[in-house]
Amino acid sequence: MVTDDIRAEVLELRAQLEDWNYRYYVLDDPGVPDVEYDRNMARLQDLEAQYPQLVTPDSPTQRVGAAPLDGFSTVRHEVPMLSLDNAFDAQGLVDFQRRVIDRLGTVDALIEYCCEPKLDGIAVSLVYRGGRLERGATRGDGSTGEDITANVRTIESIPLRLRGAGYPEVLEVRGEIYLPRAGFEALNATAREQGEKTFVNPRNAAAGSLRQLDPRITASRPLEFCCYGYGLVDGGSLPATQSAILEQMREWGQRINSDMRVVEGIEACEAYYEQLAVRRDALPYDIDGIVYKVNSLGLQERLGFVSRAPRWAIARKFPAQEEMTQLLDVEFQVGRTGAITPVARLEPVFVGGVTVSNATLHNADEIARLGLRIGDTVVVRRAGDVIPQVVSVVLEKRPADAREVSFPQSCPACGSAVEREESEAVLRCLGGLVCPAQLKAAIWHFAARRAMDIDGLGDKLVEQLVDAGLVKNVADIYSLGKEQLMGLERMGEKSADNLLAALQRSKSTTLPRFLFALGIREVGEATALGLARHFGSFEALASASESQLLEVEDVGPVVADHLRQFFDDQHSMAVVQALRSAGVHWDDIEVTPAQALPLAGQTWVVTGKLEAMGRNEAKAALQALGAKVAGSVSKNTDCVVAGPGAGSKLGKAQELGVEVIDEATFMLRLRDFGGGV
Ligand code: D41
């Protein structure tokens with residue numbers, strides 16, 4: 001028997017879960033921690049298991065994936081899904097506007113355009129009837145696509161029910177399904193681990209995920225949806241501009257792109273393009289251009305379309321992120337820790353906005369998976385700030401004399417033995433600092449800005465110093481004389497003086513910087529800071545037992561082991577001693593017990609975009625001062641650091657009367673607490 005109370009609880013749970021989903025995906029601001037969401041979902045699942053008569057197809061429990069299909073059926077798009085014309089440069093945009101104006105006749109004001117980043121995904125149609133998701137379909141050829149309803153239902157950013165009121169009886173929402181970069185990387189990492197084929201790019205991964213006949217597989221892929229328009233509308237109406245329609249779609253629960261903007265005139269369109277081009281690499285998803293749409297639906301109607309593309313829209317494309325080129329050779333690079341990485345030497349090619357002549361090949365497994373041979377034509381991809389990757393081989397273009405890649409039996413830099421650890425795919429040189437390649441990398445790291453900050457000790461110079469035998473360990477750089485330096489290529493008196501002055505300056509450092517500069521495996525900046533704060537002095541750290549090391553936050557058994565190995569190694573300690581004899585010094589840090597840290601017992605929240613330090617760094621700095629950093633604002637929050645774009649967390653803080661500070665104030669406070677990183 002289903003009581004009214006139970007029915008009411010089920011309805012309330014659904015509304016609550018839908019609301020949290022909306023806040024998470026559409027407003028980009030989770031209302032509650034994941035555990036709270038999971039708890040409510042579990043409760044709803046329990047109730048629905050107990051009372052199956054209460055299960056509805058649009059319950060949030062019904063996303064996990066239905067039974068596999070035999071095939072996809074074909075659907076007709078009642079309103080065709082048009083395609084987009086392309087412009088490849090600024091002139092292409094100007095020509096577009098010319099055509100628009102010619103068609104419209106004289107226009108006295110600037111034309112308004114709606115600008116949207118062009119997501120590199122799969123265009124889909126979602127039909128809602130009575131506010132309920134009825135059908136999801138691919139664009140296909142624009143007239144007919146495939147029914148992928150079971151798959152789109154698993155995508156959490158697609159609402160199963162529309163929110164609010166006033167939506168048409170039938171509303172076809174159109175948009176793009178895509179895989180964010182992080183999801184793509186994670187998917188490929190898993191595939192790599194399991195020895196499966198990796199996806200070439202996020203777009204292919206999204207397409208492959210949607211084409212699954214088993215919706216449970218689709219459910220496991222972190223796909224997202226973003227609405228860009230509409231199709232069939234029946235029993236209701238939409239606002240009169242593209243931008244207002246998107247805003248309205250958002251009210252009804254659809255995700256829209258937060259970078260959508262309305263601008264006036266084609267020059268402003270080009271300016272928008274330039275702004276996004278700069279940010280392209282930093283976006284969490286791939287975009288391949290900008291779509292411009294004449295904002296007014298009235299004007300759109302007057303413009304109409306030609307051969308399936310609207311005259312009122314155009315896509316201005318970014319430079320391609322994938323290109324074909326030839327693999328000239330594979331060389332092997334030795335890193336700071338001795339890891340030997342195969343590097344592809346490529347026929348230079350312009351891709352992702354830069355000329356690429358090298359690409360990482362990761363390891364032997366990767367080469368085997370690609371089936372790569374020297375001489376092959378390969379597809380190179382450079383997206384975001386990531387290093388260029390070889391993503392596939394174009395087998396049709398393989399020359400008859402293509403050669404297999406052979407791995408070195410000894411270190412290519414020093415001839416020392418190499419080892420492949422069982423758990424690792426990487427080959428490692430066992431030469432330690434005898435290996436010039438490892439030594440060079442160690443010195444580069446030592447001199448880096450965030451380490452000892454030795455201005456002027458660049459790659460080329462280190463190369464010369466090591467090759468000439470002038471530097472055999474990092475400490476030797478402090479014994480270099482002016483005459484020696486001036487004997488080097490491209491080193492005049494002035495540069496030699498400058499370098500010596502920079503070396504002198506670098507001797508006065510801090511313990512965290514020094515620890516980071518030593519290049520101990522797995523000890524990054526944050527760990528170095530944690531170690532310095534915990535132990536206070538180099539001596540205390542060097543004599544700490546493994547279990548004492550493990551007391552430091554962030555330090556696990558692997559890091560502790562690397563640390564002990566370093567401090568137990570006579571050569572390493574001799575170098576540290578030599579550095580101190582050369583005058584490298586720092587002040588010990590007063591060790592503060594956790595309870596005595598300035599922000600002990602406080603809970604902080606960081607929200608919005610932090611320009612100077614980034615959110616993660618801000619969190620690390622707060623934690624180092626003893627604060628707890630929470631994901632949402634409550635009455636227990638002591639302070640909120642809010643950058644530009646802060647959303648409802650800021651609203652919540654104001655509502656609760658919690659202190660809110662901006663980034664500049666935050667930096668000042670950090671300085672007061674001595675917590676600057
Ligand atoms: O982000 C996109 N990929 C995107 C695609 C977008 N923001 N807007 C689009 N607008 C249209 C029209 C103007 C035809 C409504 C589109 C596409 N079309 C589109 N996507 C795939 C084919 C066409």
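In listed order, ligands and their atoms are each counted from 1. No experiment lies behind these values; they were computed from the predicted model shown. Throughout, residue positions are numbered sequentially from 1 according to the sequence presented.
When only modelled atom types and interatomic distance are considered, Ser157 and Glu224 share no side-chain donor-acceptor pair under 3.5 Å. Inspection of the Gln300 and Gln242 side chains reveals no N or O donor paired with an N or O acceptor under 3.5 Å.
Annotation: cation-pi pair Arg316/Tyr273 present, NZ/CZ under 6.0 Å from the ring centroid and within 45° of its normal.
Between Tyr285 and Tyr178, a ring centre-to-centre spacing shorter than 6.0 Å is recorded.
The 12-atom threshold is not exceeded at CD of Glu78, counting heavy atoms of other residues, nucleotides or ligands nearer than 6.0 Å. Within 6.0 Å of the CZ atom in Arg103, the count of heavy atoms belonging to other residues, nucleotides or ligands does not exceed 12. Summarising the local packing, CZ of Arg311 is surrounded by more than 12 heavy atoms from other residues, nucleotides or ligands at distances under 6.0 Å.
Ranking protein heavy atoms by distance to atom 8 (N) of ligand 1, first place goes to Lys293 NZ, 2.9 Å. In terms of protein heavy-atom proximity, atom 1 (O) of ligand 1 is nearest to Leu119 N, 3.0 Å. Residue, atom and distance of the protein heavy atom nearest to atom 15 (C) of ligand 1 are Tyr228 CE1, 3.9 Å.
In terms of polar-atom proximity, defined here as any N/O pair under 3.5 Å, Leu84 makes no such contact with ligand 1. Residue Arg139 has no N or O atom closer than 3.5 Å to an N or O atom of ligand 1. Taking any N or O of Ser83, backbone or side chain, none lies under 3.5 Å from an N or O belonging to ligand 1.
With a 4.0 Å heavy-atom cut-off, ligand 1 is reached by no atom of Met81. With a 4.0 Å cut-off on non-hydrogen atoms, Glu116 touches ligand 1 through its side chain and not its backbone.
The contact set between ligand 1 and Glu176, taken as ligand atoms under 4.0 Å from a residue heavy atom, comprises 2 (C), 3 (N), 5 (C), 20 (N). Every atom of ligand 1 is numbered from 1 in the order shown, and the set under 4.0 Å from a heavy atom of Pro117 is 1 (O), 7 (N). Numbered from 1 in the order shown, with element, the atoms of ligand 1 that lie under 4.0 Å from a heavy atom of Ala313 read 13 (C). Ligand-side atoms of ligand 1 in range of Leu82: 14 (C), 22 (C), 23 (C), range being under 4.0 angstrom from any heavy atom. In summary, the atoms of ligand 1 found under 4.0 Å from a heavy atom of Ala123, numbered by their order in the structure, are 20 (N), 21 (C).
Ring geometry, Trp20 versus Tyr37: the interplanar angle falls from 30° to 60°, so the pair is classed tilted.
Considering Asp120, Ile287, Asp288 as possible partners of Phe318, the one that fulfils the side-chain contact (heavy atoms from CB on, under 4.5 Å) test is Ile287.
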